[in-house]
Structures are given as structure tokens and as C-alpha cells.
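Notes to accompany the following structure.
To find a chain, count down the sequence lines: A is the first, B the second, and so on, and within it residues start at 1.
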Number of protein chains: 2
Amino acid sequence: MITKTKKQEIFEEAAKLFQEKGYGAASMRDLADRVQLKASSLYSHIRKKEEILQKICSDQAHRFTEAMGEVEKMKVSEGKKVETLLSLHIRTALEDPTSITVFSDEWKHLEEPYLSEFLERRRDYEQRFRDIIQQGIRTGEFQSLDPSTILYTLLTAIRWLHYRQRPDSSMDAEKLEKEVVSLLMGGLKIGSQLVS
Amino acid sequence: MITKTKKQEIFEEAAKLFQEKGYGAASMRDLADRVQLKASSLYSHIRKKEEILQKICSDQAHRFTEAMGEVEKMKVSEGKKVETLLSLHIRTALEDPTSITVFSDEWKHLEEPYLSEFLERRRDYEQRFRDIIQQGIRTGEFQSLDPSTILYTLLTAIRWLHYRQRPDSSMDAEKLEKEVVSLLMGGLKIGSQLVS
DNA sequence: GTCTATAACTTGATAGAC
DNA sequence: GTCTATCAAGTTATAGAC
């Protein structure tokens, strides 16, 4: 087992704290208590509070951008690409729920210039996702709906996963992933579900 | 045109402010500026900051609970019931995006006893929604997936709508509503969409 | 690296004049 | 109802001893 540095411990505990109370309501004293330091000692490891938020957000953003590059290179149908991206989002939400919560809900507390950088990166990711959707509509694989409507509905639909507190034993991650993808790709109503 | 009371103005402006900055980061001085008062004067109209959050949240909760009562009385298929509930959520999100944002994202800043009350009401709503889903699965109308997975995916899927800043002229509310319902009920992939 | 002490500031809320 | 003045408590962050 690799020993965690104090800095790592601070970042991990901060993510949990931001998730629980929100960035604004989480104080450096709260955080210090959790890592058994005085608040002032935190500043031997970080420059400022926002630096923590910034790192969490940009790490997660980087993760998604990289995966998008992989998916774009795949020689498969657009349906398969969307499924792959959805699976990635779902798996990430289940594996690292705290970071994903902060990334999803607390980015708006970023200050410039990080805020603009974050938003630009997100716009880029969304555009590339939208391009895949658009191509799927063109080939007749997808319903002919507004691509942005599809994009945001799909991306938002999985944002409850990271709120699940403890993994329900009756519902393992793999099953959950399969069910959500099936629901989004095939719809609630019986009719179009494919046997995989 | 009915004249707004100062109190109404305060509540409306507060909802916007909470939406923009989050409850924690929105100060009473911010709010006072927006309604052209000094911060101390706000307290002639309200007792405390949380009272504003509490009213916004409970008003919206009440709205959904009432609608659920109506839907439960309908003599239609479970598919139609779910569609009706989704339409209601979508329409509400488009008509009153600020209140819905606060209701959706800021409720966690409620203090006791309002927090427990809020959560209990929400649990009740979700259980009644889940019952409809379960019945739809039993009759074979819906895919046989975990009812909670369906419930949260559907409810979360529409939570991007209230972030849309200005109604896109190329995309009116009615079309948007139809497309989202079609996507969630029928799925992204071509195959099961019904002609309505 | 961690501490104590503290600077510099913002927060929600109240008292009392008008 | 609105104001000025103010309070107590909380905030991030820094300085300097150890």
C-alpha cells in the first residue's frame, strides 16, 4: 500500500467536503479538522482554497476529453459510440462519485481565468459529442430529434448516479450501467430493445 | 397589471440570485441591492434568509404533489401517466426555471425542521411515481428494469432544461417537450417510436 | 510543516431614530 | 418601512516562532 501524502489527503478530503456542503459552505477550518491540521497549516500544501476546486474540476475534465479522443477513433456505429460514452460517464460516476459531484455541481464557483478555461473545454467536449449524435441521425440510426436536446438529455440523465451513497448490494455497478444504457438507448416503452 | 408588493419582489429576485450564485454565496446585501433596499430593511419583510429558500422549495414541492394526485386519478395506461408527469416537469422547468433550479439544487441548504419535511415530501412523491412505473412493468408496457433506476433516470434527465438561458427561438417549448418525451419513452435508437 | 496569533474582510441579523 | 450604526461570528489568508 502506497502511503498517501498529506497533500493527497487534503485533496481527497476536500472533494468529500465540497460534495457534502457545497464549495461555498465548506470552510478551510472544516477541511483542516478532517485532515487533523490547523487551518493555517493547509497553506503549506496549497496556495488557496480555489486551487483545490480547480484541480478537481480540471482533472475530471481531462479524463472526459481523453476518452472522447479514444471514442472518435473507433470504427463502429454511432450508436456504439454513444453507448461507450454513456458507459464511461456512468462508470466514472460510480467509481469516483465525490470528484464527479464537485465537477458537476461546484464548477460555477471557479474564478477567472479558470472558469473560462473550464467552460471552453466543456463546450469542446459537448460539440464533439453532438457531432456523433448528428452523424447518427444522418445515417438513420437515431431518432431525428434536435441534437442538442439529445445531448443534454443523455448527459443529464445520469447525473443522479453520483448521489447514491453506498452501492446497493442488490444492484451492482455493472447491472446499473447496463440498465441505464438500455433505458436511454431503447426507451422506457417495450418495442425496440435489442438482444445483446 | 397587478402591482408587485415589495415582498413578492424580494422573493423573485432572491430566486434569481440563488440560481446564479447558489444559496450560500448569495448574500443579503446582494439581494438588497437588487431590490433597492439596504440589507437591514429586508428584515421588515422576512424573518431570515432561510425563510426565502424554504418558501421557494415548499411552493414547488406542493405543485408536484398536487399534480401527482391528478395523475393518479386518471383512467389511462401507465405509459400515458408517465408521459403526463414528464410533460408537467418539463413545462414547469421551462415556465419557472429559476424557482425550479432553487428547488432542485439548493434544497440541501435547508435547516431543520424544514429539511426533514422537504425530504419526506420528496420521498412520498418518488414512491408514488415508482408505483406507477412498477405497475407499467407488471402489465408489460415498460421494459423490465429496476424501478428506482427508471425513476431517477427520468427525473434527472430533464434537469438541464431549467439552465437554458433564453428560450431558443428555433425551439419552442412545445417542440422541446415533445422531443424530450419521445426520447425518454422511445429511446435514442430508431425502432419503437409510435406515431402520435 | 505545524503551530499561535492576527489581519482584513464578509456574513446574517438587530436596535433604534425617523 | 427604511434608514444608519453596529454586533458577534465567521471567512480566507499571512507572519513569524518553533
Side-chain angles (χ1 to χ4, degrees), chain A residues 2-58 102 105-115 118, chain B residues 2-58 102 105-115 118:
Chain A
I2 298 156
T3 312
K4 259 186 285 194
T5 68
K6 203 76 185 177
K7 188 166 182 174
Q8 280 176 315
E9 194 189 340
I10 290 170
F11 275 92
E12 281 171 30
E13 215 54 51
K16 287 187 209 165
L17 192 61
F18 294 169
Q19 173 183 31
E20 284 169 35
K21 313 183 69 163
Y23 178 76
S27 80
M28 297 302 274
R29 284 178 177 85
D30 288 341
L31 177 56
D33 283 349
R34 297 216 187 182
V35 296
Q36 314 209 64
L37 284 181
K38 296 295 171 183
S40 57
S41 304
L42 292 171
Y43 291 89
S44 297
H45 301 91
I46 57 153
R47 261 198 303 272
K48 49 203 283 274
K49 184 186 180 187
E50 196 213 355
E51 184 185 312
I52 305 177
L53 179 63
Q54 193 253 312
K55 177 162 167 48
I56 295 171
C57 289
S58 79
V102 175
D105 298 349
E106 305 299 330
W107 61 264
K108 65 178 160 186
H109 295 106
L110 286 169
E111 293 157 40
E112 296 295 354
Y114 302 113
L115 180 60
F118 179 86
Chain B
I2 298 155
T3 313
K4 261 185 285 193
T5 68
K6 202 76 185 178
K7 188 165 181 173
Q8 281 176 314
E9 195 189 340
I10 289 170
F11 276 90
E12 283 173 27
E13 215 54 50
K16 286 188 209 166
L17 192 61
F18 294 169
Q19 174 183 30
E20 285 169 33
K21 312 182 70 163
Y23 178 76
S27 79
M28 297 303 274
R29 285 171 177 82
D30 288 341
L31 177 56
D33 283 347
R34 297 215 187 183
V35 297
Q36 314 209 61
L37 282 180
K38 296 297 172 183
S40 58
S41 304
L42 291 171
Y43 292 88
S44 296
H45 303 276
I46 57 153
R47 261 195 302 270
K48 49 203 284 272
K49 185 186 179 186
E50 196 214 355
E51 183 184 313
I52 305 177
L53 179 62
Q54 192 254 311
K55 177 164 166 45
I56 295 171
C57 289
S58 78
V102 175
D105 299 348
E106 305 299 329
W107 60 264
K108 65 178 159 185
H109 295 105
L110 286 170
E111 293 157 40
E112 296 297 353
Y114 301 112
L115 180 60
F118 178 87

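Under the rule for a salt bridge (charged side-chain N to carboxylate O under 4.0 Å, His left out), A:Lys49 has no partner lying at least two apart in sequence or in another chain. For the salt bridge (charged side-chain N to carboxylate O under 4.0 Å, His left out) test, residues two or more places apart in sequence or in another chain that qualify with B:Glu9 are B:Lys6. Annotation: ring pair (Phe, Tyr, Trp, His ring centres under 6.0 Å) contacts of B:Tyr23 (sequence neighbours excluded): B:Phe18, B:His109. Remark: B:Phe118 engages B:Phe103, B:Trp107 in a ring pair (Phe, Tyr, Trp, His ring centres under 6.0 Å) (not counting sequence neighbours).
Going from atom CD1 of B:Ile52 over to atom P of C:dG12 covers 10 Å, rounded to whole Å. In this entry the distance linking NZ of B:Lys38 with C1' of D:dA5 reads 12 Å, nearest Å. In this structure, A:Leu31 atom CG and D:dG10 atom P are separated by 18 Å, rounded to whole Å. Between A:Asp30 atom CG and D:dA9 atom P the separation is 18 Å, expressed in whole Å. Remark: P of D:dG1 and NZ of B:Lys6 are 11 Å apart, rounded to the nearest angstrom. For the pair B:Lys21 NZ and C:dG12 P, the computed distance is 10 Å after rounding to whole Å.
Side-chain contact between A:His45 and A:Leu37: present, with at least one pair of heavy atoms (C-beta onward) separated by less than 4.5 Å. Side-chain contact between B:Asp105 and A:Asp105: absent, with no pair of heavy atoms (C-beta onward) separated by less than 4.5 Å. No side-chain heavy atom of B:Glu20 sits less than 4.5 Å from a side-chain heavy atom of B:Asp30.
Nucleic acid contact class of A:Leu42 (heavy atoms, under 4.0 Å, all strands): none.
The heavy-atom pair separating A:Leu17 from A:Leu31 by the smallest distance is CD2-N, 3.6 Å.
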What string of B, S and - do you get for nucleotides 12-18 of chain D, 5' to 3', if B is base contact, S is sugar-phosphate-only contact and - is no contact with any protein heavy atom under 4.0 Å?
BBB----
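Contacts with DNA chain D (heavy atom under 4.0 Å) in residues 107-115 of chain B: none are found.
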